[in-house]
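Just so it is clear, the model here is predicted, and its values are computed rather than measured. Scope of the values below: all heavy atoms of this structure, side chains included, with no hydrogens, waters or symmetry mates. Positions are given from 1, in the same order as the sequence printed here.
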Amino acid sequence: MNAGAGINMNKGQTLLKIKGVALTAVCLLNVLLPGNAAAEGGTLPADVTKPAIPIVADRGPFSIEVYPLRHKLVVFKDKKHYKTYPVAVGNLATPTPVGEYQVIYKGKNWGPSFGPRWLGLNVPWGAYGIHGTNKPHSIGQHLSHGCIRMRNRDVEELYDLIPIGTKVTIAGHVLGDPGHEPRKLAQGDIGADVQLIQNRLKSAGYYSGVCNGKFLASTAEALRRFQRDNGLRADGVVSISVYEKFGLME
């Protein structure tokens with residue numbers, strides 16, 4: 001992720017600039033709980049065991065980096081390139097979540113759409129993971145609902161290689177496609193951009209809840225207080241003017 005980089009665009013388009021965004025702060029240390037809305041294929045399987053505590057340390061030799069625009073998943077061992085796999089990632093409506101996560105559980109044979117293996121990530125606002133597929137033609141495209149799809153033989157290999165606790169970094173611009181303005185956010189929305197707004201509200205002293213990427217009533221009320229104090233329309237909606245006030249856009 002290039003959290004500190006500006007993105008230059010053609011004339012007439014918006015210039016986005018991320019300033020000092022800490023995507024891996026405490027807000028990303030929440031455990032994914034069964035019952036959250038699934039990113040692909042319904043709810044979590046019934047046999048998923050909730051981790052007792054978040055996994056917060058990256059101690060293993062392996063790490064994973066995912067590059068959605070290139071449809072690549074790269075495995076590193078002892079910080080050196082180990083192997084690269086082609087993948088399918090989320091479409092524009094349901095993008096693969098940008099940020100740094102960890103593998104918190106592993107499972108087998110959860111149904112044809114997930115292939116033979118699943119590696120679950122601790123994305124706090126939904127059930128996202130790395131898994132196989134019964135649609136191998138989707139590999140190399142933006143065709144998932146946010147999960148990272150692999151060829152079945154590849155995910156079986158990855159499953160045997162990668163331990164629980166492995167760090168997974170998903171690259172990309174947290175506000176979305178740099179060719180478009182960031183989306184307006186309102187109560188009911190979920191995603192990394194919601195989590196970023198919660199983080200900013202919390203840093204400014206307006207929000208005391210969990211930065212979980214879920215735009216609930218507590219986030220809306222905190223946002224309205226921020227809007228009132230900054231001379232903005234207090235409607236609880238993250239508009240372009242709110243992004244500008246937070247220094248996320250110029």
Side-chain angles (χ1 to χ4, degrees), residues 1 23-24 28-34 36 38-41 44-90 95-136 138-172 192:
M1 296 184 298
L23 292 178
T24 56
L28 283 179
L29 301 183
N30 299 288
V31 175
L32 176 63
L33 301 179
N36 284 349
E40 187 148 298
L44 286 170
D47 61 348
V48 172
T49 301
K50 182 178 71 175
I53 57 172
I55 301 169
V56 298
D58 178 25
R59 299 190 181 98
F62 290 99
S63 64
I64 294 173
E65 295 182 6
V66 180
Y67 298 92
L69 290 180
R70 292 161 49 194
H71 305 103
K72 300 292 184 185
L73 182 151
V74 184
V75 178
F76 293 87
K77 183 177 182 182
D78 298 322
K79 302 188 183 302
K80 296 180 181 179
H81 177 263
Y82 185 79
K83 194 156 188 177
T84 298
Y85 299 97
V87 295
V89 294
T96 297
V98 171
E100 293 185 353
Y101 310 103
Q102 286 180 307
V103 175
I104 57 169
Y105 53 83
K106 296 164 68 174
K108 297 181 179 181
N109 301 317
W110 287 0
S113 62
F114 297 103
R117 301 289 185 271
W118 168 283
L119 291 84
L121 306 178
N122 64 335
V123 180
W125 58 86
Y128 292 83
I130 302 168
H131 62 79
T133 182
N134 60 352
K135 298 177 181 177
S138 68
I139 302 301
Q141 301 186 64
H142 285 74
L143 284 179
S144 83
H145 293 104
C147 286
I148 299 157
R149 296 180 188 169
M150 301 181 71
R151 294 179 301 205
N152 288 340
R153 65 178 182 272
D154 289 344
V155 78
E156 288 179 331
E157 183 175 280
L158 189 73
Y159 183 96
D160 291 338
L161 184 68
I162 296 300
I164 288 177
T166 297
K167 180 179 177 181
V168 178
T169 301
I170 301 175

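- Taking every heavy atom of both residues into account, H81 and V74 meet most closely at CD2-CG1, 3.4 Å.
- Of all the heavy atoms in V87 and K72, the pair that sits closest is CG2-N, 3.7 Å.
- Counting heavy atoms from C-beta outward, Y85 and V75 have side chains that approach closer than 4.5 Å.
- Legend: residues meeting side chain to side chain donor-acceptor pair (under 3.5 Å) with Y159, ordered by chain and number and at least two apart, are absent.
- S138 meets the side-chain contact (heavy atoms from CB on, under 4.5 Å) test with A88, T133, K135, L143, R149; sequence neighbours excluded.
- Residues meeting the salt bridge (Lys or Arg N to Asp or Glu O under 4.0 Å) test with K83, sequence neighbours left out: E157.
- With values rounded to the nearest 0.5 angstrom, I64 atom CD1 is found 4.0 Å from I162 atom CD1.
- Judged by distance alone, with hydrogens and angles left aside, the side-chain atoms of T96 form a donor-acceptor pair with the main-chain N or O of G90 at under 3.5 Å.
- Atom NE2 of H71 is separated from atom CD1 of I139 by 10.0 Å, given to the nearest 0.5 angstrom.
- A distance-only check finds no donor-acceptor pair linking the side chain of N152 to the backbone of G132 [under 3.5 Å].
- To the nearest 0.5 Å, atom CD1 of residue I130 and atom CZ of residue F114 are 14.0 Å apart.
- How far CG of L119 is from SG of C147: 11.5 Å, rounded to the nearest 0.5 Å.
- Taking the side chain as every heavy atom from C-beta outward, V103 and L121 approach each other to under 4.5 Å.
- Under the salt bridge (Lys or Arg N to Asp or Glu O under 4.0 Å) criterion, no residue pair touches residues 115-129, with sequence neighbours excluded.
- In terms of the side chain to side chain donor-acceptor pair (under 3.5 Å) criterion, residue partners of Y67 (sequence neighbours excluded) are, by chain and number, E65.
- For P163, the side-chain contact (heavy atoms from CB on, under 4.5 Å) partners two or more places apart in sequence, or in a different chain, are F62, T166.
- In this structure P68 satisfies the side-chain contact (heavy atoms from CB on, under 4.5 Å) test together with V66, V89, I170, sequence neighbours excluded.
- Atom CG of L158 sits about 14.0 Å away from atom CZ of R153, to the nearest 0.5 Å.
- In this pair, W118 and H131 present their aromatic rings parallel. The plane angle is below 30°, not in the 30 to 60° band.
- In terms of modelled atom types and a separation under 3.5 Å, the side chain of Y82 and the main chain of K79 share no donor-acceptor contact.
- Taking all atoms of both residues into account, the shortest heavy-atom contact from G146 to S144 is N-OG, 3.0 Å.
- Every side chain to side chain donor-acceptor pair (under 3.5 Å) that D154 has, sequence neighbours left out, goes to R151.
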